[in-house]
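Everything below concerns the one structure shown next.
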Protein chains: 2
Amino acid sequence: MEVHQLRYFCAVAETASFTRAAEREKVAQPSLSQQIMKLEKELGGRLFDRLGRTVRLTSMGKVFLPRARAILNELKAARDEAAASQSTLSGPVCIGAIPTVAPYFLPAQIASFSAKFPQASITVVEDVTARLMDRLRASLVDLALMAHPTRANDLKFFPLCSERLFAILPKDHRLAKRRNVLLEELREDPFLLLRDDHCFRETAMEMCKRARLSPRIVFETGQFSSILGMVGAGMGISIIPEMAVERRSDCSFVLIADENALRTVGVVTLKGRFLSRVQQTFLEHMRSQSEAKIPD
Amino acid sequence: MEVHQLRYFCAVAETASFTRAAEREKVAQPSLSQQIMKLEKELGGRLFDRLGRTVRLTSMGKVFLPRARAILNELKAARDEAAASQSTLSGPVCIGAIPTVAPYFLPAQIASFSAKFPQASITVVEDVTARLMDRLRASLVDLALMAHPTRANDLKFFPLCSERLFAILPKDHRLAKRRNVLLEELREDPFLLLRDDHCFRETAMEMCKRARLSPRIVFETGQFSSILGMVGAGMGISIIPEMAVERRSDCSFVLIADENALRTVGVVTLKGRFLSRVQQTFLEHMRSQSEAKIPD
DNA sequence: GGACTTCCATAGCTAACGCCTATTGCAAGC
DNA sequence: GCTTGCAATAGGCGTTAGCTATGGAAGTCC
């Protein structure tokens with residue numbers, strides 16, 4: 001049973017004529033007759049009575065007609081829906097983001113994108129790098145915002161922006177008024193850091209290592225806002241990226257005087273993964289939005 | 001968009017592998033790949049992500065899958081229903097019958113057929129010959145019980161039985177006790193006949209003509225039972241076929257002594273009309289049932 | 001890290017099948 | 001009885017779904 005056979009069948013039923021049906025379907029009449037006969041053979045009985053010059057549905061034809069019509073409609077609906085899911089900028093976009101990027105970067109991006117494409121249904125998953133990579137590989141997220149080009153070669157990294165790193169000090173810290181600072185100068189201060197699974201902990205530790213400094217860690221957390229609070233309370237110092245800097249009365253942010261004190265934020269996708277048009281568009285939206293923001 | 005493409009698509013979606021899907025669908029893997037690619041091209045986007053060794057639905061694939069499944073199910077249902085309407089002995093049988101046959105012949109036929117094939121849904125239309133022929137030509141009835149082979153060459157006549165004709169006389173008629181009678185002997189009696197559009201009127205008039213008798217008609221009706229009642233009341237005499245004979249205290253039935261005093265009852269179908277299996281079976285049922293009943 | 005395996009895509013060929021034109025066969029209408 | 005209208009048949013052609021063989025990329029094993 002083939003699609004064109006159903007089309008021809010409906011055409012004959014509707015025009016009550018093989019000749020007119022053939023015209024409507026833009027095929028020669030014998031071709032159409034053949035296909036109808038083939039269909040009749042498959043179904044084990046005639047669909048039409050051929051009575052001299054009139055053609056009429058048999059009782060089997062009568063029960064078959066609505067089903068054939070339904071199938072043709074469903075085919076059209078399926079084709080249309082599929083095409084629409086590609087051509088219109090609608091459908092699901094699931095974005096992953098690490099906790100040290102999500103609250104500072106995503107809200108504005110999503111807001112501007114949603115304003116342009118209100119049909120897109122955006123969901124966000126916040127998780128640490130390792131687990132985001134798993135989710136990418138399982139196609140549970142379409143795009144992931146992460147820091148540093150990934151070493152995994154089944155993933156692709158699109159850099160968005162590089163941002164400078166800052167030392168965060170209590171307002172009354174001896175270096176709080178400086179325009180910039182070397183990490184070496186903070187050798188004696190107790191450190192507050194993110195937990196082990198956060199990639200920014202690694203970034204910070206890397207900086208310390210470059211400054212030949214092994215920090216005394218007195219507090220670990222999962223979010224910068226806790227660090228800011230604790231630093232403000234005088235518990236110690238820390239390192240944060242530029243996007244986490246915020247005006248506070250109890251903390252000072254001092255630029256780290258090291259040209260390598262940078263964090264690169266980018267979008268990661270799974271290689272070989274086909275992105276729908278919305279998903280692709282969201283990626284391009286983020287890239288174009290952040291071009292302007294790349295500080296250098 | 002073709003049926004096999006939908007089948008292949010579902011197979012890949014369900015096995016998560018082109019190779020396994022090809023095995024399941026009994027085609028070579030490249031053939032299947034080609035068809036999927038063709039389908040993807042038609043829909044304007046990929047249906048699957050090919051990620052190294054895993055194959056996974058894209059978001060378009062996810063919306064397309066249930067629709068493809070639904071269509072395949074509908075196809076199967078349509079095929080099954082059509083095949084069932086041919087193979088199982090169910091479905092509509094619309095029988096036409098002339099009023100001078102219907103009440104005497106049909107009830108037993110329908111009862112025995114329904115007992116054997118309770119799935120058949122039988123409807124009966126009672127009408128005179130001319131209108132039954134119209135209904136046959138319009139496919140409003142599938143079979144029609146009529147008398148005498150039809151002259152119309154777009155119809156086909158299957159004889160069922162030939163029955164003798166009887167004179168019906170009031171109990172106190174001078175010939176009421178006879179074993180048989182010649183129509184000539186009834187030359188003086190007033191006649192009761194069916195109305196003009198009933199074919200049995202023609203049969204009766206034919207008999208009169210053969211007996212060189214032009215009957216004086218004193219009553220016309222549409223049914224034998226009225227004639228029986230009126231004859232019983234002594235209004236006159238009439239002619240009826242054997243199947244209309246019934247024991248009555250006020251009438252006598254005397255066989256007409258003419259070897260041509262016969263009425264042939266048969267089934268008529270429209271030439272070129274395809275009968276479903278029930279319809280065909282009903283026809284054969286009637287023919288086999290009445291074989292035994294053909295008097296000669 | 002190189003050989004092997006696994007899996008999908010590509011290339012080239014073949015056979016089937018849908019479509020074509022021309023013609024026949026059958027009714028219907030003048 | 002001839003023409004007309006319509007579906008079926010016959011025979012040729014081109015497209016295409018299917019095949020085998022091969023290529024290339026990713027994962028696996030020693």
For B:Thr19 and B:Glu23, test the side chains for any donor-to-acceptor distance below 3.5 angstrom and give the result as yes or no.
no
Assign each of B:Gln5 and A:Asp154 the nucleotide of DNA chain D bearing its closest heavy atom; nearer the 5' end lies the nucleotide of B:Gln5
Taken to the nearest 0.5 Å, the spacing of A:Phe9 CZ from A:His4 NE2 works out to 14.5 Å
Looking at CZ of A:Phe105 and OG1 of A:Thr100, how far apart are the two atoms once the value is rounded to the nearest 0.5 Å?
12.0 Å
Nearest non-hydrogen partners of B:Val278 and B:Ala120, listed with the distance:
CG1-CB, 3.6 Å
Tell whether B:Gln29 reaches the base of C:dA9 with its side chain through a donor-acceptor pair below 3.5 angstrom.
yes
Any donor-acceptor pair under 3.5 Å joining the side chain of B:Glu2 to the base of D:dA17?
no
Rounded to the Å, how far apart are [X] [atom1] and [N] [atom2]?
X	N	atom1	atom2	result
B:Ile36	D:dG18	CD1	C1'	15 Å
A:Leu32	C:dC20	CG	P	10 Å
B:Gln34	C:dC7	CD	P	20 Å
A:Glu23	D:dC6	CD	C1'	12 Å

Assuming nearest nucleotide by heavy-atom distance, tell me which of A:Pro30 and B:Ala16 is located more 5' along DNA chain C.
B:Ala16
If you assign A:His4 and B:Arg50 each to the DNA chain C nucleotide with the nearest heavy atom, which residue ends up on the more 5' nucleotide?
B:Arg50
Please tell me if [X] has a side-chain N or O lying less than 4.0 Å from either OP1 or OP2 of [N].
X	N	answer
A:Ser31	C:dC20	yes
A:Thr19	D:dA7	yes
A:Ser17	D:dA7	yes

Classify the nucleic acid contact of A:Lys38 as base, sugar-phosphate or nothing, counting any heavy atom under 4.0 Å across all strands shown.
sugar-phosphate
When we call it a touch if two heavy atoms are under 4.0 Å apart, what does A:Phe48 touch: a base, just sugar-phosphate, or nothing?
nothing
